[in-house]
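For clarity, every value in this text was computed on a predicted model and none was experimentally measured.
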Amino acid sequence: MTSGNKSVLFRQKFVLSFSLLFTLLLSIILHPTTPSAANAEVGRFRSLVAARRAQDSGSCCGEANRKLHLLAGAYYTTNNNFSAKLLLNNKGPLAIEVQPTLFSLTGERFDVPPITVDANSHRFEDFGDWATIAGEQFREGSIQVFHRGKDLVLGTQIYLTDEIHSLSFEEKLTELGKPGSSRLEGVWWLPSPRGAVKLVLSNTTDTVLSVSTTIRGQSPSKEAGDTVDLAGHETKVLDVERDLLARVRGAMSRFGAISVEHNGGPGALLTRGMALDTALGYSLPIQFTDPTTAKSTNLQGAGLRIGKAGKEYLAPMVVVHNAGQTTTLLRGRVPYTTTDGTNGEIILPQIELSPRETELINIAPYARAQGVANDGSVAGLEFEYTGELGSVITSAFSVSRSGNQVFRVPLWDIAAQRSATGGYPWSIEGASSTVLFIKNVTDEVQSYRMYLNLTRGDYVFPKTTVAPHQTSVIDIRELRDNQVPDVNGQIIPLGETRGQVQWSLTGGVDKVLIGRSEQVDLVSGISSNYACQNCCGNSFYDGWLTPVQSTGFQGDQIQFAAMQQDQNCYGQLYPPYQAGLASYTSSDLSVCNPGFSTGTTTGVGPGEALINGAWMGDKWLFTPTGDCDYTPEEVVREAICDILTRRVDSVSPERALIGQPVDVTINGSGFGTGTPTVNGGSGITVSNIQLINGGEVRARFTTATNAPAGNHSVSVTTSSGRQLPSTATSLCRFHPSSFH
């Protein structure tokens with residue numbers, strides 16, 4: 001062995017030894033208790049995944065704070081210009097400890113030291129940093145994430161980004177142990193036959209899996225199948241054209257379908273795909289679906305872009321595939337709202353799909369025919385089909401003419417959704433922004449409430465209504481840059497760049513809204529999706545009337561308002577807001593008379609009365625069957641309404657001489673807030689009037705030489721026109737009396 005080789009070998013051994021030592025020290029620092037304890041717990045949980053369906057489902061809103069969850073992601077890579085990050089999004093009020101485990105492509109395992117995600121926050125972890133510690137073989141592979149908590153409290157997603165070539169892919173982690181089958185279906189689209197399709201197959205188990213793949217490409221038409229064996233926790237990344245269609249060179253099918261079946265249980269295999277054309281900067285994630293998990297034949301998506309992205313025109317398109325055994329009829333429509341607020345609808349032609357047939361729907365011609373192709377509208381997307389549940393597989397997106405701008409629109413089975421809620425991270429960095437889309441999937445008007453947490457305080461959106469089948473759009477950068485105030489006058493500071501947003505339906509009917517966020521950077525040509533629901537809708541937490549106690553005078557108007565504070569199903573509290581549809585009554589109408597539906601209360605007569613405010617609050621409970629039950633809560637709250645009499649109690653001094661000016665102080669109550677008018681009676685001129693406070697007025701009285709002697713009636717009229725009469729004298733002692 002040469003000295004050079006010895007030197008290289010020595011350096012390699014030194015680096016390996018240092019890495020292992022660093023890993024050990026880091027584990028001890030971050031997890032001073034026995035590190036293997038967490039890993040052993042993860043191992044025990046993995047062995048119980050198959051029995052998960054028999055496990056108590058736990059109450060999302062009850063006693064499930066320690067429920068076990070194991071989430072898995074099929075693929076990450078830090079090779080070939082890609083960066084890889086893991087999002088950990090905690091939507092609850094308690095910190096969550098997360099235990100990630102990396103698996104190399106060949107199935108080697110590395111347990112990352114535990115990570116704490118603070119309450120109501122999110123963080124990104126860099127796979128590259130972990131690979132530096134774990135070793136080169138972990139620069140590419142799969143991941144599993146273990147944590148305890150309520151259902152869906154932690155959102156997790158992998159982001160792969162190649163900024164040099166404007167490529168981006170995202171993958172939401174899958175919770176293992178859920179019901180399903182061993183069959184997965186997906187579709188792809190490419191802007192040109194020069195593009196490529198990558199298929200990722202990842203074994204989540206310790207045992208060998210046999211995987212059968214079938215590729216059906218269109219334009220040009222190609223079909224092939226193959227069988228792939230995966231060792232325990234092994235991941236394979238296949239080039240569809242080269243490895244499955246057995247064509248080293250040639251024109252790749254521009255769109256098509258991929259069917260995958262394996263011999264393991266539900267969740268044993270994770271499948272993801274990536275359609276890309278590096279030369280164009282085109283990238284489209286391929287999401288695979290298990291047809292057996294479908295609950296309806298209704299698919300909908302929120303936020304289909306029509307018009308332009310920057311200076312480029314967009315073509316909205318949908319790839320549809322019949323994965324069933326019978327012919328299906330597919331009907332589609334595109335409900336949209338134009339930039340001037342007009343609602344409309346594009347009806348797509350009905351399509352008949354034979355078994356295993358794939359079609360491409362180009363929506364652009366129909367948008368042009370409707371006159372909205374150049375409008376810049378944001379639309380919804382809806383499909384209904386006949387035949388077998390889950391048989392229609394889709395991929396919807398809008399793509400620019402250059403292929404560089406791609407905006408994917410996930411289509412969801414409405415009946416299979418957990419709840420009409422969402423909890424997303426938001427970010428404004430560089431030229432990017434987070435845009436939210438919330439779609440009404442029903443024929444009735446629906447509404448939601450939304451909260452944006454900031455470094456200091458919260459941004460409270462007004463209760464927002466969404467017309468039937470339309471989509472609400474919120475661009476957080478626009479709210480910040482335009483300094484748009486919320487319902488409490490709060491603005492997003494110009495320096496604010498990240499946070500978390502949560503929204504929830506209002507009312508007693510669930511699954512009426514769907515939503516997602518889209519991180520968009522038009523300059524870099526990069527966009528990504530994120531969607532994560534909460535276990536149930538937000539519920540009433542507390543309520544009160546404001547003001548709690550108010551004092552006024554006869555004829556005054558006092559505004560009472562019903563305030564409500566909600567919490568999500570994890571116990572996260574949100575800022576209060578004014579409750580709608582409250583009714584107001586009084587314990588004594590002769591004292592305080594409130595407007596029944598407004599809370600505007602008139603002071604009628606002296607005394608004290610209780611103002612009662614009553615309204616209904618939403619209350620959602622998670623059931624053992626996995627549903628959210630609605631039980632409205634009747635809220636009744638009280639406030640004190642105290643009405644005083646306007647009156648003059650005294651005038652000082654009590655005597656004055658004819659023809660002589662005198663400075664007078666008038667005491668009483670209910671003089672108001674503006675400068676009043678004072679009348680000293682016949683022959684008396686009043687000047688220099690000053691309102692000291694609501695119970696004291698000062699003025700100069702000048703008595704004319706011909707003024708009549710005796711008692712003079714002195715009155716005070718408030719700036720609002722309320723007169724406070726009294727009997728008094730400017731020439732001899734006068735006697736104050738009550739005013740009415």
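Within the 4.5 Å cutoff, side-chain heavy atoms of Q144 are placed close to those of F103. Annotation: side chain of D206 is in contact with side chain of H233 (closest heavy-atom distance under 4.5 Å). For the pair N90/N120, no side-chain contact is recorded, criterion being any heavy-atom separation below 4.5 Å from C-beta on. Using a 4.5 Å cut-off on side-chain heavy atoms (C-beta onward), L360 and M317 make contact. In this structure the side chain of L154 reaches within 4.5 angstrom of the side chain of V98, judged on heavy atoms. No side-chain heavy atom of D111 sits less than 4.5 Å from a side-chain heavy atom of L102. A 4.5 Å side-chain heavy-atom check between V211 and T227 finds every atom pair outside the cut-off. In this structure the side chain of P425 reaches within 4.5 angstrom of the side chain of Y530, judged on heavy atoms.
Look at E170 and K172 and you find no salt bridge, because none of the NZ, NE, NH1 or NH2 atoms lies under 4.0 Å from a carboxylate O. Between R183 and E261 no salt bridge is recorded (no basic side-chain N to carboxylate O distance below 4.0 Å). Ionic pairing of E223 and R356 is not present here: no N-O contact between side-chain nitrogen and carboxylate oxygen is shorter than 4.0 angstrom. Salt bridge present: R418 and D151 bring a charged side-chain N and a carboxylate O closer than 4.0 Å.
The backbone N or O of L160 lies less than 3.5 Å from no partner atom in the side chain of S83, so there is not a single donor-acceptor pair. Side-chain N or O atoms of S121 include one that pairs as donor or acceptor with a backbone N or O of D118 at under 3.5 Å. Proximity of a side-chain donor or acceptor of N534 to a complementary backbone N or O of N568 within less than 3.5 Å is not detected. With S283 contributing its side chain and S168 its backbone, the two residues share a donor-acceptor pair below 3.5 Å. Side-chain atoms of R254 come within 3.5 Å of backbone N or O of P191 as a donor-acceptor pair. At least one donor-acceptor pair closer than 3.5 Å links the side chain of R148 to the backbone N or O of R66. D239 places a side-chain N or O within donor-acceptor distance of the main-chain N or O of R242, the cut-off being under 3.5 Å. Between the side chain of T434 and the main chain of S427, a donor-acceptor pair closer than 3.5 Å is present. Counting only distance, with no hydrogens or angles, the side chain of S527 and the backbone of Q519 share no donor-acceptor pair below 3.5 Å. Between the side chain of R123 and the backbone N or O of L88, no donor-acceptor pair lies under 3.5 Å.
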D627/F622 under side chain to side chain contact (heavy atoms under 4.5 Å, CB included): CA gap, chis, key distance, verdict
CA-CA 6 Å; D627 297 317; F622 186 70; over 6 Å; no
Give the intermediate values and the outcome of side chain to side chain contact (heavy atoms under 4.5 Å, CB included) for residues V112 and T101. CA-CA 6 Å; V112 177; T101 299; over 6 Å; no
Run L389 and T297 through side chain to side chain contact (heavy atoms under 4.5 Å, CB included) and show every step you take.
CA-CA 6 Å; L389 284 177; T297 57; 3.7 Å; yes
Check your understanding: Run the side chain to side chain donor-acceptor pair (under 3.5 Å) check on R408 and Q287 step by step: do they pass?
Key -> CA-CA 11 Å; R408 186 171 70 93; Q287 183 174 339; 3.2 Å; yes
Side chain to side chain contact (heavy atoms under 4.5 Å, CB included) for L238 and V228? Distances and angles first, verdict last.
CA-CA 10 Å; L238 306 174; V228 178; 4.1 Å; yes
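Counting non-hydrogen atoms of neighbouring residues, nucleotides and ligands closer than 6.0 angstrom, the NZ atom of K236 exceeds 12 such neighbours. Within a 6.0 Å radius of CG in N263, other residues, nucleotides and ligands contribute more than 12 heavy atoms.
Atom-to-atom distance recorded for K91:NZ and L152:CG is 5.5 Å, nearest 0.5 angstrom. Between the CG atom of L190 and the OH atom of Y282 there is a distance of 6.0 Å, given to the nearest 0.5 Å. Note that CG of D413 and NZ of K295 are 8.5 Å apart. Values are rounded to the nearest 0.5 Å. Separation of atoms SG (C532) and NE2 (H122) is listed at 13.0 Å; rounding is to 0.5 Å. For the atom pair CG (D277) and CG (L284), the distance works out to 12.0 Å, reported to the nearest 0.5 Å. Between the CZ atom in F169 and the OG atom in S528 there is a gap of 12.0 Å [rounded to 0.5 Å].
In this structure, K178 and P266 approach most closely via the heavy-atom pair O-CB, 3.5 Å. Nearest heavy-atom pair across I158 and G73 is CD1-CA, 4.1 Å. Pairing each heavy atom of A119 with each of L94, the nearest pair is CB-N, 3.7 Å. Residues F255 and S219 share a closest heavy-atom pair of CE2-CB, 4.1 Å. Considering every non-hydrogen atom in both I286 and A275, the closest pair reads CD1-N, 4.0 Å. Across every non-hydrogen atom of A268 and H262, the tightest pair is CB-CE1, 4.1 Å.
S259 and E185 are linked by a side-chain donor-acceptor pair at a separation below 3.5 angstrom, with hydrogens and angles left out of the test. Under the 3.5 Å distance criterion, with hydrogens and angles disregarded, a donor-acceptor pair is assigned to the side chains of R272 and T174. A side-chain donor from one of Y75 and E140 sits under 3.5 Å from a side-chain acceptor of the other. Side-chain polar atoms of D521 and S524 form a donor-acceptor pair below 3.5 angstrom. S181 and D290 share a donor-acceptor pair across their side chains, judged by distance under 3.5 Å alone. Judged purely by distance below 3.5 Å, without hydrogens or angles, the side chains of Q533 and Q417 pair a donor atom with an acceptor atom.
Taking the six-membered ring for Trp and thresholds of 30 and 60 degrees, Y76 and F127 have nearly parallel ring planes, at less than 30 degrees apart. Classification of the H69-H147 ring pair by plane angle, with boundaries at 30° and 60°, yields parallel.
Paired with F397 under the rule ring pair (Phe, Tyr, Trp, His ring centres under 6.0 Å), one option of W189, W188, F407 passes, and it is W189.
Cysteines C536 and C569 are not disulfide-linked, with SG atoms at least 2.5 angstrom from each other.
Between W130 and F110, the distance separating the two ring centers is not shorter than 6.0 angstrom.
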